[in-house]
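All chains are named by letter (A, B, ...) in the order of the sequence lines, taking the proteins before the strands, and each is independently numbered beginning at 1. Scope of the values below: all heavy atoms of this structure, side chains included, with no hydrogens, waters or symmetry mates.
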Amino acid sequence: MGSQSESNFGNDALSGSSASKAASKVDSKAESSTTFDPSGVELPPKYYLDNFRFVLDHVRALYEDILTAQESAFADDFNALSEDAQCLYVRLLSRRGDWFRTDKLNYSEISDINAAADELAAEEFLEIFDSGAEAVQQDAAALGLFTRPEVASCLSGKGVRSLSKAALMERVLEYGKEDSSEYEDVDLKKLPPTRVLCVFGELEMETYRLLFFGNLYQDFTEFVLRDLGLYRYEDYQIDTDSRWCHSREQLEQQVLYYELRNEAGDLRDLVTEALLQIAERVPDETDALLRRRTQRFLADIARQIERSGEAERSLSVYERSHRHPARERRLRILVSLNRLQEADQLAATMAERPYSEEEHQFLLNFVPRKMKHNAGLCESLIEKTLAPAQDILTMPAAYRLEHGVEPAVALSLTDAHPEDHVLYCENLLVPGVFGLVFWPLLFDEVPGAFFHPFQIRPADLYDEEFTAVRQTSLEACWAALDSQSSFEKAVWNIYDSKFGIANPFIHWGGLTKEILELALSRVSTEVWRGLFRFLLKDLRNHKAGLPDLIRFPAEGGFELLEVKGPGDTLQKNQKAWFAEFHRLAIPARVIRVKDEP
DNA sequence: ACCCAGAATG
DNA sequence: TTCACACCCTCCA
DNA sequence: GAGGGTGTGTCTCATTCTGGGTCT
Ligand SMILES: [Mn+2]
Ligand SMILES: [Mn+2]
């Protein structure tokens with residue numbers, strides 16, 4: 001059981017003004033003096049063409065043997081185009097949709113847009129329609145190119161004024177299709193005169209993007225942001241050994257995954273049958289990179305089936321997801337269905353080999369409450385939930401709302417003890433120092449880890465074997481923690497040499513020298529080692545969940561404080577960290593804030 | 001005449 | 001493909 | 001109190017342009 005004590009938030013505390021030492025979170029960019037000033041950076045007029053060519057070349061260099069003949073021809077044919085045509089094609093391809101009207105195109109760096117379009121049409125990179133009417137006849141979506149007034153001009157009927165654009169389009173398309181003279185008032189020729197382009201090659205481009213980035217959420221803006229100096233990436237070596245994809249089959253599975261995601265859309269809109277069919281088509285035998293995505297996808301699908309009230313049918317989908325919280329969901333379902341024998345077996349497996357500390361914490365909390373029939377298991381989990389130490393702090397609701405609950409607590413603490421430092425740093429500090437000390441590990445150039453220039457992290461960062469295949473650099477990083485002086489040296493060395501470079505554990509804007517200095521001087525290397533060991537056990541789930549505040553008492557040492565407002569409770573990853581704090585004998589408390597009546 | 005969201009831009 | 005919190009609901013001891 | 005759902009602020013690169021939708 002955790003200790004409980006009460007302390008009141010006195011009036012004098014409110015009137016105090018020694019707020020200076022209570023940090024407000026994230027003074028953001030203010031401190032990042034070495035951030036580049038983008039205003040001074042000029043991009044060449046055809047920067048986008050350079051970027052596009054870079055992708056084509058990079059993909060060819062790394063994945064040539066994986067491309068189909070058609071995909072290879074795509075690049076060859078593109079390279080054979082005139083520069084104007086290349087520019088126009090890239091411009092159009094990088095915009096939303098595949099329909100465009102030429103009268104709206106305005107690219108000063110392209111000398112003759114119409115000629116470029118003609119060339120692209122001749123080489124089958126797009127199709128030209130000479131009027132809006134012809135385009136709409138080909139594909140109704142082309143009507144969306146025209147403004148609401150332009151669409152309305154096709155209709156001479158009454159009541160047109162008050163209709164939305166969508167309603168107008170619906171009328172035009174519905175009535176326009178049937179030739180019945182009943183609706184002769186629809187006249188697509190009233191659309192303004194313009195050529196209309198339909199761009200081809202989006203699928204090929206998607207394949208190139210997928211091969212280049214290894215995902216589909218990054219795009220050409222990465223180039224721009226880097227070249228403007230807004231993002232900076234570590235400069236790791238990329239060679240042909242470092243490719244992420246090694247076979248056509250692997251690529252096809254990735255494509256299939258993204259097709260399924262795309263087809264599914266918002267899972268909430270699907271009925272159980274549709275969800276099960278999607279799940280059915282998700283590949284099970286894949287590489288580690290894709291497995292993370294599919295297993296999360298499967299868990300999302302199963303969760304949605306569960307929400308639809310068909311928990312029983314979600315079980316088989318959960319069973320295919322081998323990561324937290326799939327087994328938690330299964331156990332909850334089995335217990336609620338009273339399938340206790342299966343529940344017992346699953347719980348025993350989880351107890352023996354938990355996926356993660358989160359799952360373990362769930363088990364400790366759940367089994368004694370909901371599986372009392374299994375006395376044996378309850379007994380063995382008697383390590384018990386040892387509730388974290390907890391204090392209650394009472395303050396006026398207005399004060400909490402004015403500052404936000406975490407800063408309000410920080411202010412009240414520094415008012416009570418003006419010589420203490422209280423920082424609101426949440427996940428800034430511990431993961432941040434980890435990112436500094438283990439920088440050589442994170443950016444160790446293992447084959448397959450880095451395959452394009454815009455990676456914040458190695459591709460396998462969250463894989464089980466991440467550290468196993470990096471033993472040498474791992475040991476070197478641990479060695480830095482052998483003494484206080486080597487530790488500090490490592491921290492400041494990386495801090496100075498890598499400042500501003502993207503790292504999944506570091507938010508440079510908030511990780512100031514002042515915070516680091518305090519933390520390094522107050523937290524022993526032994527404690528840091530314990531924290532980092534836990535982080536390394538599960539980087540994905542332990543990189544967040546650290547307490548809101550860290551307090552540095554005037555008398556020395558430190559204490560971690562998680563602030564909980566009324567109605568808020570510890571989250572899963574926070575429980576996991578608190579359990580670890582207890583094991584490591586690290587001082588940590590929950591501060592529950594109550595409103596003063 | 002305004003407001004606003006999304007797209008485009010570098 | 002961020003993370004944490006506020007606020008709502010139901011269920012249940 | 002636990003759990004779930006949903007929304008929100010914060011992250012977001014900053015700025016301009018376009019168009020749809022309001023209101024007056
Ligand atoms: Mn927090
Ligand atoms: Mn908190």
Query raised in the report: From the list D:dG4, C:dA6, C:dC3, which nucleotide is the closest neighbour of the side chain of A:Arg329?
Result: D:dG4
Report task. Mind calculating the distance between CG (A:Asp266) and C1' (D:dG5) to the nearest angstrom? Result -> 14 Å
Query raised in the report: Counting any heavy atom closer than 4.0 Å, what does A:Asp227 reach on the DNA or RNA strands: base, sugar-phosphate only, or nothing?
Result: nothing
Query raised in the report: Nearest nucleotide by nearest heavy atom, which residue falls closer to the 5' end of DNA chain B, A:Arg96 or A:Tyr47?
Result: A:Arg96
Query raised in the report: Is the A:Tyr355-A:His324 ring centre distance short of 6.0 angstrom?
Result: no
Query raised in the report: Can the ring centroids of A:Phe220 and A:Tyr48 be said to lie less than 6.0 angstrom from one another?
Result: no
Query - Segment of DNA chain B, first to last nucleotide, that comes within the 4.0 Å heavy-atom reach of chain A - result: B:dA7 to B:dG10
Query - Short side-chain N/O contact to D:dG3 OP1/OP2 from A:Asn365, under 4.0 Å - result: yes
Query - Residue-phosphate contact under 4.0 Å: A:Gln574 side-chain N/O, C:dC5 OP1/OP2 - result: yes
Query raised in the report: Considering only side-chain heavy atoms of A:Arg332, which listed nucleotide, C:dA4, D:dG4, D:dG20, is closest?
Result: D:dG4
Query raised in the report: Between the main-chain N or O of A:Glu406 and the side-chain N or O of A:Asp548, is there a donor-acceptor pair closer than 3.5 Å?
Result: no
Report task. Write down the distance between CG (A:Leu145) and P (D:dT18), rounded to a whole number of angstrom. Result -> 16 Å
Query raised in the report: Can you name the ring-ring contact (aromatic ring centres under 6.0 Å, His included) partners of A:Phe454, sequence neighbours left out?
Result: A:Phe223, A:Tyr233
Query raised in the report: Would you say a side-chain N or O of A:Lys564 is under 4.0 Å from OP1 or OP2 of C:dC5?
Result: yes
Report summary line: A:Gln571 CD to D:dG3 P, in whole Å, measures 13 Å
Requested in this report: Return the 5'-most residue of the pair A:Arg101, A:Glu306 with respect to DNA chain D, ranking by each residue's nearest nucleotide.
Outcome: A:Glu306
Requested in this report: May I ask you to say what A:Leu43 touches in the nucleic acid, namely base, sugar-phosphate or nothing, with a heavy-atom cut-off under 4.0 Å?
Outcome: sugar-phosphate
Requested in this report: Could you tell me whether A:Ser164 contacts a base, only the sugar-phosphate backbone, or nothing, with contacts defined as non-hydrogen atoms closer than 4.0 Å?
Outcome: sugar-phosphate
Report task. Look up atom CG in A:Leu413 and atom CG in A:Leu561, then write down how far apart they are to the nearest 0.5 Å. Result -> 6.5 Å
Requested in this report: Using atom CG of A:Asp568 as one end and atom C1' of D:dA2 as the other, report the distance to the nearest whole Å.
Outcome: 13 Å
**Report entry** Any A:Asn106 side-chain N or O less than 4.0 Å from OP1/OP2 of D:dC17
**Finding:** no
Query raised in the report: Looking at residues at least two apart in the chain, or sitting in another chain, which of them share a ring-ring contact (aromatic ring centres under 6.0 Å, His included) with A:Phe466?
Result: none
Query raised in the report: Does A:Arg540 put a side-chain nitrogen or oxygen below 4.0 Å from OP1 or OP2 of C:dC3?
Result: yes
Report task. Could you check how far NZ of A:Lys370 sits from P of D:dG1, rounded to whole Å? Result -> 15 Å
Requested in this report: Name the closest nucleotide to the A:Glu562 side chain, picking from D:dG20, C:dA4, C:dC5.
Outcome: C:dC5
**Report entry** Distance-only polar pair, side chains of A:Glu596 and A:Tyr399, donor-acceptor under 3.5 Å
**Finding:** no
Query - Counterpart base for D:dT10, defined by Watson-Crick or G-U wobble contacts under 3.5 Å - result: none
Query - N or O in side chain of A:Arg369 less than 4.0 angstrom from D:dG1 OP1/OP2 - result: no
Query raised in the report: Looking only at side-chain N and O atoms, does A:Arg303 come under 4.0 Å of OP1 or OP2 in D:dG5?
Result: yes
Query raised in the report: Any sub-3.5 Å donor-acceptor pair from A:Lys165's side-chain atoms to A:Phe146's backbone N or O?
Result: yes
Query raised in the report: To the nearest 0.5 Å, how far apart are OG1 in A:Thr294 and CG in A:Leu260?
Result: 10.5 Å
**Report entry** Atom-pair distance (CZ on A:Arg592; C1' on C:dC5), nearest Å
**Finding:** 14 Å
Report task. Determine: side-chain N/O of A:Gln218 to OP1/OP2 of C:dT1, distance under 4.0 Å, yes or no. Result -> no
Query raised in the report: To the side chain of A:Lys104, which of C:dA4, D:dG19, D:dG21 is closest?
Result: D:dG19
**Report entry** First encountered from the 5' end of DNA chain D, between A:Arg307 and A:His507
**Finding:** A:Arg307
Query raised in the report: Under 4.0 Å: is that the gap between some side-chain N or O of A:Lys543 and OP1 or OP2 of C:dT2?
Result: no
